[in-house]
Amino acid sequence: MSEPVILTTRGLTAGYRSGRKATPVLSGLNLDLRRGEMVSLLGSNGIGKSTLLRTLTGVQYPLAGTIEIDRRPITDYTVRQLARTLGIVYTDRTLAGALTVEELVGLGRHPYTGFFGRLDSDDRRIVARAMERVGISHKRGDHLARLSDGERQKAMIAKALAQQTPIIIMDEPTAFLDAASRIETMSLLRDLADDDNKAILLSTHDIAPAIDLSHRLWIVKADRTLIAGSPDELTARPDGLPSLFDGRGVAFDPAARDFKALRHKSR
Amino acid sequence: MKLCAPHNRRHRIALAVMAAALLAIIPACLLAGSVDIPFTQVVKALAGHATDNPRWSVIVIEMRLPMALTATLAGAALALSGLLLQTTFDNPLAGPSILGISTGASLGVAVVLLALGGSVTGVGYYAGILTGAAAGAAAVMLTLLAFSMMVTSTAMLLIIGIMMGYLASSAISLLNFFSTREGVHSFVVWGLGSFSSLTLERLAVFAALTLALTACALLMAKPLNALLLGQRYAENLGVNIPATRNRLLLISGGLTAVVTAFCGPIGFIGLIVPHIARMALRTSNHSVLLPGTALCGAVVGSGCALVSVIFGSGGIIPVNAITPVIGVPIIIYIIINRKKLLYFN
């Protein structure tokens, strides 16, 4: 891939530290994230996907190793610089239901606005374009509480776009969405990588759309090793996707690009 | 932040209604009372002219006016304090009284008054209770802050706040039990909770402090809006969480401490007014919600003062006997309807 690498980790160990006791979750990670690529992070619940994402976003300190964004250690960034470099979308419930879509997306301009957070005409244009980009403009005056889960997620993605960061990292952006919204959201993310040259990293449990739409996959296997590769490569490798849920009673079905129950595989 | 036209209109109407209510209640506070004073005489007294009965001028200028203004300022201050706490702790049921901050401030005052045994008066008295209230409020807030790092559930943190309040109450009872009669008397007088105990000079000090802290609160709209999305989003938007949180707690605690020092512990206003303001304005956008909450708090505070006089049959009902009557039904309404309320979803 010709696009430049924007985020790199070398010898990264992600995990928790409480007092003097360190609990590594994922270790020895040498990862690269490029502009213009969408990477899906796959793995079972509790395997450490969120821990890794929190570490990559600078919320949690790594136990070992380095993270660099644009060849600069993430620890050198101020909070405000990082806010202009790396946008985040979670599925957390918020108390922001009485904000309108436009107000929420406007919060994405937070790292650029002055003391009072007032938006100038440039900011408003960026906000309008972000809403347009994700297809939520028609709901701009609606309160977040009145949106469907899929619409709310779009609004959150628009917020991240208004932040104008080269990297967007999302923790399960498709959780709680119905099948149509899941695929729609993932397609939108792919477009943002292709057309807007964003580096997009998301964790997800939606295997088939992740295979179809991602440029690359990072998969965390049961033994907590992480393998990176293209969807084609990882679906073909026996130690790739097919071994993702080893010993859990499911098998990978390449035709469906998804996992099926072992007992009913013959049907 | 530019808003869509229909929201803008709603905000303007709601704010105008609140302002009109305030402009109706304050004159009513000057008219109402055990002594009947004609409207024209009240105006005369306010203008500084001699009234037909010289006592009327004293009553209006030195009793009714300070009470109306104290209640207005205290209501606004407590309401803002509550809003700051609700957004900072990401918990719509937070408030200065429920988190034990008012009780902490009371404990601080109790320590000062009972230790000094009712011997101080004048400036020393107010400096003493202000220091005591600020120290007490700060102690409770620091404890809450420490627990908020260990306890992630906001409901649990609320319960810790309530427990802190009980602990402070118990300490107050113990202090009362072991102190002198004079000390107990001055503390009991202070602790009734009242808007009516300030002289004009003390009102000036009270107004300066509350207005300064109110101005600080109004300047926090930007980080407060980011905090609406929760701590993790706020941090990603460039908010320095520890510094911002400390600043917000300092302002909120300061507002509660000042009101508690001058008026005694007053419950419910800080908890309910932010909700009334959110429902009236239909927004959580702090650029609108902060001034709206301050204004609404002023209305509720002065309204309580008016009620305490009108139904006082010659006397003044303690404020804390009125606020729960208004507050409890509103809180129950909010809890029952939380699925329908915008800002809970």
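Distance check: A:L104 CG to B:L228 CG gives 10.0 Å after rounding to the nearest 0.5 Å. Here the CZ-CG distance, from A:R109 to B:L237, works out to 11.0 Å after rounding to the nearest 0.5 Å.
Contact detail for A:V79 and B:V239: the closest heavy-atom pair is CG1-O, 3.8 Å. Taking every heavy atom of both residues into account, B:Y233 and A:Y90 meet most closely at OH-N, 2.7 Å. In terms of heavy atoms, A:R146 sits closest to B:R282 at NH2-NH2, 4.4 Å. Residue B:A226 comes nearest to A:L107 through the heavy atom pair N-CD2, 4.1 Å, listed as atom of the first residue, atom of the second, then distance. B:L219 and A:F115 get closest at one heavy-atom pair: O-CE2, 3.5 Å. Closest non-hydrogen pair, B:L229 versus A:A96, comes out as CD2-CB, 3.7 Å.
Of the possible polar contacts, one joining the B:N236 side chain to the A:L86 backbone as a donor-acceptor pair under 3.5 Å is found. Judged purely by atom type and a 3.5 angstrom limit, B:K222 has no side-chain atom pairing as donor or acceptor with the backbone of A:R118.
Neither the backbone nor the side chain of A:T165 comes within less than 4.5 Å of any heavy atom of chain B. In this structure, chain B has heavy atoms under 4.5 Å from both the backbone and the side chain of A:V89. The contact between A:R54 and chain B is made entirely by side chain atoms (from C-beta outward), counting heavy-atom distances below 4.5 Å. For B:R278, no part lies under 4.5 angstrom from a heavy atom of chain A.
Among the candidates A:R84, A:R80, A:Q163, the residue making the largest number of heavy-atom pairs closer than 4.5 Å to chain B is A:Q163. Note on A:D123, A:T113, A:T78: by heavy-atom pairs under 4.5 Å with chain B, the leading option is A:T113.
Taking the side chain as every heavy atom from C-beta outward, B:T283 and A:E103 approach each other to under 4.5 Å.
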| request: Determine, stepwise, if the pair A:I88 / B:E235 fulfils side-chain contact (heavy atoms from CB on, under 4.5 Å). | output: CA-CA 10 Å; A:I88 299 180; B:E235 189 161 27; over 6 Å; no
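In this structure, A:E132 places its CD atom where only 12 or fewer heavy-atom neighbours from other residues, nucleotides or ligands lie under 6.0 Å away.
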